[in-house]
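To keep things clear, I will list the structure first and then write my remarks on it.
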Number of protein chains: 2
Amino acid sequence: MDEAGFLAAYDPRDYPAVAVTVDVVALTIRDGRLSVLLVERGTSPFAGHRALPGGFVREETLEQAALRELAEETGLAGQVDASRAEGDLDRVHLEQLQTYGQPQRDPRMRVVSVAYLAFAPSLPEPTAGSDAARAFWVPVDEAKDLAFDHDEILADGLERARAKLEYTPLATAFTGPEFTIGELRQVYAAVWGEDLHAGNFHRKVLSVPGFVESTGATTARGGERGGPKAKLYRAGDARLLHPALLRPTREDRVR
Amino acid sequence: MDEAGFLAAYDPRDYPAVAVTVDVVALTIRDGRLSVLLVERGTSPFAGHRALPGGFVREETLEQAALRELAEETGLAGQVDASRAEGDLDRVHLEQLQTYGQPQRDPRMRVVSVAYLAFAPSLPEPTAGSDAARAFWVPVDEAKDLAFDHDEILADGLERARAKLEYTPLATAFTGPEFTIGELRQVYAAVWGEDLHAGNFHRKVLSVPGFVESTGATTARGGERGGPKAKLYRAGDARLLHPALLRPTREDRVR
DNA sequence: GCAATAGTGTCTCTTAGACACTATGCA
DNA sequence: TGCATAGTGTCTAAGAGACACTATTGC
């Protein structure tokens with residue numbers, strides 16, 4: 001940016017207008033399935049198609065714009081709306097994903113969209129009757145034929161999420177503040193789409209420094225279909241997993 | 001983006017103007033040191049400061065904009081300028097880094113900048129007398145006090161580059177089309193800032209499927225200070241290294 | 001000859017993962 | 001009682017890294 005001689009004589013009106021938006025790939029786990037937040041479009045283009053929630057960037061940071069869109073669509077409060085007591089969005093992990101700027105990605109005008117990726121614990125269904133009535137969670141394998149280039153954005157978000165579970169403790173962003181090792185394993189299974197060996201997973205998680213720390217408590221009762229009470233853990237202070245928790249090897253991913 | 005009711009009534013002139021630029025973190029290895037391409041700013045703000053090369057996005061993709069800026073600043077030809085026979089930029093690896101959009105990052109107006117990261121083999125110094133006379137390569141540990149938020153962008157680019165060498169074969173983007181294992185090791189040493197054990201590195205590189213493939217040839221002569229002729233390799237077909245080539249562990253990176 | 005580098009051999013320690021097993025608690 | 005789950009033990013194979021060593025070449 002800001003090439004010296006260029007900007008000196010620059011007037012924004014000399015250039016075709018470019019709009020900047022944010023789109024959010026918000027992931028959660030509902031009923032054991034990895035799901036993404038979608039909205040239904042009412043107007044052309046792509047009327048009737050589903051799309052990622054998003055909107056124009058105002059006088060705010062890009063991250064604030066993403067949080068604002070997320071709060072508006074889910075009907076949940078966050079830092080953005082201090083008037084509500086409960087800050088459900090406070091526990092949401094938000095990171096920038098990638099920026100999409102193909103000239104024709106929006107048929108109306110040049111729109112550059114900064115995509116964000118959010119990991120959320122299981123949130124209530126957006127309440128009907130609110131502004132967010134048209135937003136809903138959809139299992140990711142049923143989220144196809146989205147508007148614009150949102151199929152591609154979603155695919156990029158999913159790949160990022162799957163990779164991040166390998167070397168960061170972000171799986172805990174999908175759980176409540178306290179969780180069992182079994183719940184954590186179900187997060188990995190849902191995101192990666194494959195079951196993991198319970199015993200080996202258990203030992204592995206406890207052996208990675210700072211991944212989880214014990215609360216000392218256990219669940220009030222065992223599993224619905226039997227089994228002992230499980231110990232409860234909370235997220236540890238590690239920001240990276242060392243050694244990492246690698247996905248089961250797929251040779252075809254390599255080439 | 002494209003929130004339905006929102007866009008229907010949208011007029012770009014209703015919103016404060018936002019400019020979109022690209023900035024490029026172009027890395028190469030010169031004299032064994034990891035170096036970044038910088039330009040000197042002639043005008044306010046930050047007159048006299050060094051900055052990353054970049055400029056406004058025109059009617060082109062974001063990636064084309066980054067390639068164009070890189071070609072303009074280095075004076076090297078690429079796909080962008082088909083009139084030149086040699087496409088030195090063809091062998092440059094380019095990927096999107098991140099997008100920076102803090103409202104006050106440019107004091108004049110709202111500028112959202114999409115940063116790109118480039119890995120280049122050792123390129124000739126930008127020729128004096130050309131348009132690119134004010135661009136130059138600077139060892140990364142001497143690239144400080146850059147204009148705008150370019151210190152942060154450079155730091156993010158370096159961290160990305162270091163991480164990418166671990167699990168991708170992109171180190172070969174810093175070498176010529178044919179290289180020795182020793183040259184490859186020097187790339188890793190320069191980017192990571194630490195020496196690697198020659199023997200173990202050698203065996204490791206050859207053991208990763210698809211990282212490198214033998215050309216059958218050897219260097220014409222041994223090293224300048226003695227040693228046998230080394231076998232020559234070219235990049236293999238792997239896009240990911242499996243198993244990865246991890247950096248020497250630093251516990252302090254984890255928390 | 002000397003120094004530097006290419007490339008290989010070998011040993012140890014850690015980790016991933018398969019498999020087996022015990023203990024607990026719900027229906 | 002039967003079954004699912006929590007959690008642990010044990011074995012094997014692979015990989016990282018330390019160290020040693022030989023071979024080849026420039027000076």
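Note that these values count all heavy atoms, side chains included, but never hydrogens, waters or copies made by symmetry. Chain identifiers are assigned alphabetically (A, B, ...) following the order of the sequence lines, protein sequences preceding nucleic acid strands; residue numbering begins at 1 within each chain.
Regarding A/Leu246, its CG atom lies at a distance of 21 Å from the P atom of D/dA13, rounded to whole Å. The CZ-C1' distance, from A/Arg225 to D/dC3, rounds to 10 Å in whole Å. Per the geometry, NZ belonging to B/Lys229 stands 13 Å off P belonging to D/dC27, to the nearest Å. Here D/dA18 presents its P atom at 10 Å from CG of B/Leu196, a figure rounded to the nearest Å. D/dA16 atom C1' lies 16 Å from atom CZ of B/Arg247, rounded to whole Å. The distance between atom CD of B/Glu194 and atom P of D/dG17, rounded to the nearest whole Å, is 11 Å.
A salt bridge links A/Arg160 and A/Glu95; the closest N-O separation between the charged side-chain nitrogens and carboxylate oxygens is under 4.0 Å. Salt-bridge formation is not detected for the pair A/Lys164/A/Glu159: no Lys NZ or Arg NE/NH1/NH2 atom is positioned less than 4.0 Å from an Asp or Glu carboxylate oxygen. A salt bridge between B/Arg33 and B/Asp141 is present, with a side-chain N of the basic residue lying under 4.0 Å from a carboxylate O of the acidic one. For A/Arg185 and A/Asp195, the salt-bridge test fails: no basic side-chain N is under 4.0 Å from an acidic carboxylate O.
Looking at A/Thr180, its side chain does come within 3.5 Å of a backbone N or O of A/Glu183 through a donor-acceptor pair.
Using a 4.0 Å heavy-atom cutoff across all strands shown, A/Ala220 reaches no nucleic acid atom at all. Within 4.0 Å of A/Gly199, counting heavy atoms only, lies at least one base atom of the nucleic acid. Contacts of B/Arg203 with the nucleic acid, taken as non-hydrogen atoms under 4.0 Å apart, include base atoms. A/Gly226 comes within 4.0 angstrom of a base, heavy atoms only.
Residue whose closest nucleotide on DNA chain C sits further toward the 5' end, between A/Pro228 and B/His202: B/His202. Between A/Asn200 and B/Ser207, it is A/Asn200 whose nearest contact on DNA chain D lies nearer the 5' terminus. Along DNA chain C, the nucleotide nearest to B/Leu232 and the one nearest to A/Gly223 differ in position, and the one closer to the 5' end is contacted by B/Leu232.
Here chain B contacts DNA chain C (any atom closer than 4.0 Å to a heavy atom, that is under 4.0 Å), and the contacts span C/dA4 to C/dT10 from 5' to 3'.
Side-chain atoms of B/His150 and B/Glu152 include no donor-acceptor pair closer than 3.5 Å. Side chains of B/Thr99 and A/Thr99: a donor-acceptor N/O pair is present below 3.5 angstrom, by distance only.
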